[in-house]
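The structure displayed is predicted, hence computed values, not measured ones.
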There are 2 protein chains.
Amino acid sequence: MEIETATVAAPHKGRPREFCVDMALAAALRVFWSKGYEGASMADLTEAMGITKPSLYAAFGNKEALFNKALDLYEREKADYMRAALDAPTARGVAERLMYGALDMYTCPENPNGCLGVITSVACGAEAECIRQAVLERGATAKRAMLERFARAKEEGDFPPDTDAEGLAAFLTAVNQGMSVQAGAGATRAELERLVETSLKLWPGR
Amino acid sequence: MEIETATVAAPHKGRPREFCVDMALAAALRVFWSKGYEGASMADLTEAMGITKPSLYAAFGNKEALFNKALDLYEREKADYMRAALDAPTARGVAERLMYGALDMYTCPENPNGCLGVITSVACGAEAECIRQAVLERGATAKRAMLERFARAKEEGDFPPDTDAEGLAAFLTAVNQGMSVQAGAGATRAELERLVETSLKLWPGR
DNA sequence: ACACTTATATACCAGCCGTTATGGAAATCG
DNA sequence: CGATTTCCATAACGGCTGGTATATAAGTGT
């Protein structure tokens with residue numbers, strides 16, 4: 001259990017490590033984010049993290065454990081706009097925050113393009129099936145939260161009464177996933193902005 | 001240049017090959033379709049195709065050439081619903097045919113789930129960059145055709161005059177890509193049907 | 001100064017990757 | 001028939017994969 005959060009200050013005996021775990025993990029995340037789980041080789045990771053393989057294995061366990069910790073970091077730092085979006089007062093506000101948040105994240109110049117979840121869950125070999133399952137589970141959790149939010153929105157009158165809240169959740173998820181795919185395919189921010197604006201123009205209710 | 005299309009009938013001298021090129025290619029397509037370009041190993045391919053590696057190399061060149069031929073087959077047989085969709089008389093008809101066509105294709109029990117283009121273009125290692133570019137080019141061509149169709153639809157009054165046809169093309173593309181991602185993630189056909197119906201309910205114009 | 005503990009660096013492991021050389025089998029041509 | 005051409009099967013190639021054993025360096029507490 002690591003207590004320290006910054007660069008140094010080892011509390012116990014033994015040779016202190018020469019790198020910052022958090023920074024190394026952030027570097028690993030960027031590699032996974034741009035190349036996917038299987039596309040990221042240990043050589044890619046160690047080079048980006050600035051450490052050697054034994055150091056990586058000592059600090060993180062193995063590739064799979066490293067990915068899971070990187071995924072935790074991703075959700076914590078990068079994708080918490082999702083949670084924030086659900087706090088919007090209206091369903092339209094939720095959709096706005098979700099889409100513009102995704103837009104910012106997918107097109108931020110210092111980030112890889114696209115969504116880590118989409119990149120990882122699509123097209124992975126048999127060996128990475130458990131990784132894929134873990135990612136899908138998190139996506140399902142996020143979608144469930146969105147669904148509950150839209151069910152509430154329907155009760156509050158944000159939608160016409162005959163609206164399919166589940167369909168709308170799937171719809172919003174799909175547009176975000178498509179935005180991720182197009183960002184990965186090289187779409188410009190301006191193009192994705194038009195996609196978001198078009199989608200919001202079609203969004204039902206006030 | 002192979003002339004024969006069926007099982008046998010070698011026109012020239014030498015030992016005739018013992019497998020059907022078209023069937024082998026179809027099998028290879030299914031492997032690429034379910035595992036992606038890099039996720040499909042030569043062992044996977046040869047096993048599914050029922051041939052050995054030297055036979056594969058003699059008949060198709062190498063892995064990249066095999067993929068390109070499989071991609072040709074995919075576009076020719078599976079994804080020509082796109083071309084057909086653009087022939088619909090109205091923009092709404094285009095959207096309907098496109099979405100239901102994608103729905104049928106992504107959920108057909110005898111096909112892998114999802115879109116080969118999405119699977120291949122997302123998250124590939126550096127070595128497959130040219131493959132990715134080839135796939136993206138075809139996607140860009142398809143999107144360009146859709147864009148032209150919607151520009152015409154706007155002139156014909158299918159949309160309100162202030163409509164962003166380019167945004168709508170990106171929108172429709174995004175919903176289809178999202179549908180592919182969700183199909184690959186294990187969504188049921190019923191779920192995707194609701195996604196399509198919801199999207200069409202939001203689609204502008206008559 | 002010493003033993004002890006931990007991190008780093010080098011080198012290595014078996015296994016899979018895409019690809020190909022080699023040797024024999026099966027067909028047509030003369 | 002023999003000669004030729006093409007295909008199939010085995011096995012191997014160098015290179016890369018994720019993962020590790022070994023040896024050395026750099027700190028700790030006493």
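Set against dT28(D), dC8(D), dG18(C), the side chain of T52(B) has dC8(D) as its closest nucleotide. Among the nucleotides dT10(C), dG19(D), dC7(D), the one closest to any side-chain atom of R17(B) is dC7(D).
Going from atom CD of E38(B) over to atom C1' of dC16(C) covers 15 Å, rounded to whole Å. Between the CZ atom of F60(B) and the P atom of dC8(D) there is a distance of 11 Å, rounded to whole Å. In this structure, the OH atom of Y57(A) is 16 Å from the C1' atom of dT10(C), given to the nearest Å. Regarding L56(B), its CG atom lies at a distance of 17 Å from the C1' atom of dA21(C), rounded to whole Å. With rounding to whole Å, M42(A) atom CE is found 19 Å from dA11(C) atom P. The separation between L66(B) atom CG and dC17(C) atom C1' is 16 Å, rounded to whole Å.
For dG19(D), its base sits under 3.5 Å from the side chain of K53(A) at one donor and acceptor pair at least. Residue-to-nucleotide contacts include a donor-acceptor pair under 3.5 Å from the side chain of R15(A) to the base of dA7(C).
Note: F159(B) and F150(B) have perpendicular aromatic rings, judged against thresholds of 30 and 60 degrees for the angle between ring planes. Ring planes of F19(A) and F60(A): tilted class, angle from 30 to 60°.
Applying the 4.0 Å criterion to OP1 and OP2 of dG18(D), one finds that K63(A) has a side-chain N or O inside that range. For the pair S55(B) and dC8(D), the criterion of a side-chain N or O lying under 4.0 Å from OP1 or OP2 is met. The shortest distance between the side-chain N/O atoms of S41(B) and the OP1/OP2 oxygens of dC17(C) is below 4.0 Å.
One distance of note links CD of Q182(A) with CD of E191(A); it measures 8.0 Å at 0.5 Å rounding.
Along DNA chain D, the nucleotide closest to G61(A) and the one closest to A43(A) are compared, and the more 5′ of them pairs with A43(A). For P54(A) and E18(A), each mapped to the nucleotide of DNA chain D holding its nearest heavy atom, the one lying further toward the 5' end belongs to P54(A).
Aromatic ring centroids of Y106(A) and W33(A) lie 6.0 Å or more apart.
Of the residues listed (K69(A), R83(A), R138(A)), the one engaging E75(A) in a salt bridge (charged side-chain N to carboxylate O under 4.0 Å, His left out) is R138(A), and it is the only one.
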